Amino acid sequence: MDRYEQVIELAKRRGFLWNSFELYGGAAGFYDYGPLGSTLKRRIEQIWRELYVIHEGFMEIETPTIGIEDVFVASGHVGGFSDPLCECKECGEAFRADHLVDKIVEIADALSNEELDRLIKENNIGCPECGGELGEAYEFNLMFKTSIGPGTGRQGYMRPETAQGMFVNFQRLSRYYREKLPFGATQIGKSYRNEISPRQGVIRLREFTQAEAEIFTHPEEKTHPNIGRFEDVTLNLYSDEAQQKGVIEQMTVREAIDRKIIAHEFLAYHIALTNNFLQRVGIAADKLRFRQHQKDEMAHYAIDCWDAEILTDRFGWIEVVGIADRTDYDLMAHAKTSGTELVVHVEYDEPKMIEQFVVKPNMAKMGPLFKGKAKTVADALKELSSDELDKEEIKVTVDGEDFTVPSDIISYTQETVKVSGEKIVPHVIEPSYGIDRILYCTMEHAFEEEMVAAEGEEEERIVLRFQNEVAPVQVAILPLLTREELMDPAKQIAEKLRNRGLLVAYDDSRAIGRRYRRNDEIGTPYSITIDYDTLEDNSVTIRDRDTMEQVRAPVDGIEDVIYDLVYGKRDFETAGVKL
RNA sequence: GCGCUGAUGGUCUAGUGGCAUGACUGGGGCCUUCCAAGCCCUAAACCCGGGUUCAAAUCCCGGUCGGCGCACCA
């Protein structure tokens, strides 16, 4: 069994991850989170919220998981989130049709299926595998289709990312933040992609959880006020250049900015924030790197893009977070499709005085003359130069109709106008997290088998060394023996800890050693044991999962001691008297 | 989607035409004063559908799911 199998086996057995619909034979690409898995996931998400929502102030919103067609036409997912496939009629092998012709034309990915078919025929391209004849190209779109309403209804799609929900609410968000850049919104929720072939367990799912932030920034102001927080942090960077050499470079955030390895400070801040988050949920620092997208893999509209990658035992480096500067691409696309300007008005520090040629049609006279067309005629007049306006009869053409305007109802001046600001289409910085992958990685990095002394011999112990903050059970309450006089006070202590808001597991089945091992396996950081001394002096033992050491502490205030231990406000050594 | 390969209690596993093997785990009990101890009891499985056969977990076909390779991965 490799590490992946060990982790998945434990995850299944202990209630972290289950294959969905197992009762009916299952379905590829779907996983259920069991009791411990759901809790672990929620705790990871909660840390994410603390960082992005509470600390950064990017408020969380919630938008439908089903989207209407317009949204995905604008985003490019209807046209672009699909690949032209082409199957061999002989051996059945499927190929990317555009890849088959990319040696022949330069922009193969822009071709229609008909054009691809024509090129394949004209150039006598056969199956690369067996040389057989190729069938016609067809689109395989990775979005799940659905219909909204009864009958044929209206075409809808399950969202392939949560991001669009934030872009389409841009105006509302801008108003909420009182039109001050930068501002951001976040969303944690399910997204859907109809993967051709989901594999690798929870690594590639058809329904998965994303945590995304869309941060709207001024296109020319990409510094970050809090960069000082991270400047001295060392990152494992695998830049475009480093990838040519095949070496991961370690450098501080400051150095990466100064050497222009990361495009700008704002992006660097968010890479560092991601680094901070991943280590906090328990990703090993030496198995974490940031890989820069190479020019040819980066979306054409992005300035710079870095993936956080985590080293796993079976799959190698896997992408868990993408952090991109998507420029104004998304807002421009939605503005174009919707016909609504998506901008913020940015005021200048000082209003600018601008020399301007101003045409002033006398609307009181224009109105009676041109009736309903007066406004459009007036607009057309405003585009004219002073030379044209000096003519006795001014001619303009509006909607194919010619209008003659007497010059005496038009005046113009050269004016100095005060311009207080300008309309800006913000750039979007997008950190996009794959929560399911991160959850798997925290389990794999927490997983450890070690040999421990037992009965004069050595035996194997499996322990999940979760960070206390993510552990789905924070403290186990264990009566030493299965006896009423120990079980009753144990249950009372459990209740006390629950009232303090801790995740408590009470367990009195079978031998104490076995119960310790059970809790080691699910990563419970602390165990409280109630023994006969408890009845004497009202004290209990607290056991530390990682060292298996114990201290003795009074029952009074035990809930605060455990709380402080779990939230890192106290060291284990200070929790009681060492045994 | 294609090819190869596999699927037996919760987990791991033996069996390969004729009563389904064992271990661990789980539950109940006895015992037990701190790291999967012992004893007793107990629960629990042949992926689904079709075919061949007196008889199929076993052989054949199809499907589902897993793994690996190819392809795919905005």
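Every chain is numbered from 1 and lettered A, B, ... according to where its sequence line falls, protein lines coming before strand lines. All values derive from a computational prediction rather than experimental measurement.
Taking the side chain to side chain donor-acceptor pair (under 3.5 Å) definition, one finds that A/Tyr516 meets it with A/Thr529, A/Gln550, sequence neighbours left out. Residues forming a salt bridge (charged side-chain N to carboxylate O under 4.0 Å, His left out) with A/Arg514 (at least two apart in sequence, or on another chain): none.
With C1' as the reference atom, B/A71 and B/C12 are 34 Å apart, rounded to whole Å.
With hydrogens and angles ignored, a donor-acceptor pair under 3.5 angstrom links the side chain of A/Arg204 to the base of B/C72. Applying the 3.5 Å distance criterion, the base of B/A36 shares a donor-acceptor pair with the side chain of A/Glu521. Interface remark: the A/Ser197 side chain does not form any donor-acceptor pair with the B/C72 base, using a distance-only criterion of under 3.5 Å. A/Gln550 contributes a side-chain N or O that forms a donor-acceptor pair with the base of B/C34 under 3.5 Å. Residue-to-nucleotide contacts include a donor-acceptor pair under 3.5 Å from the side chain of A/Asp531 to the base of B/C34.
Nucleic acid contact for A/Arg510: base, since at least one base atom lies under 4.0 Å from a heavy atom of the residue. A/Arg545 comes within 4.0 angstrom of no nucleic acid atom, judged by non-hydrogen atoms across all strands. Within the 4.0 angstrom heavy-atom criterion, no nucleotide atom of any strand lies near A/Phe30.
Every stem involving RNA chain B, taken as at least 3 paired positions in a row under the Watson-Crick or G-U wobble test at 3.5 Å, is listed here: B:1-7 with B:64-70, B:10-12 with B:22-24, B:26-30 with B:38-42, B:47-51 with B:59-63.
Judged by distance alone, the side chains of A/Tyr433 and A/Tyr52 do bring a donor and an acceptor atom under 3.5 Å apart. Looking only at atom types and distance, the side chain of A/Asp544 has a donor-acceptor partner in the side chain of A/Thr547 under 3.5 Å away.
Closest to the A/Ala511 side chain, of the nucleotides B/A37, B/G67, B/G27, is B/A37.
Near RNA chain B, meaning a heavy atom under 4.0 Å away, there are no residues from residues 428-438 of chain A. Within residues 439-449 of chain A, no residue places a heavy atom under 4.0 Å from RNA chain B.
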Output side-chain donor-acceptor pairs under 3.5 Å for residues 477-485 of chain A, partner residues at least two apart or in another chain, one line each.
| residue | atom | partner | partner atom | Å |
| --- | --- | --- | --- | --- |
| A/Arg483 | NH1 | A/Tyr532 | OH | 3.0 |
| A/Glu485 | OE2 | A/Tyr532 | OH | 2.7 |

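Nucleotide B/G28 holds its P atom 12 Å from the CZ atom of A/Arg514, rounded to whole Å. For the pair A/Arg461 CZ and B/C24 C1', the interatomic distance rounds to 19 Å; values are reported in whole Å.
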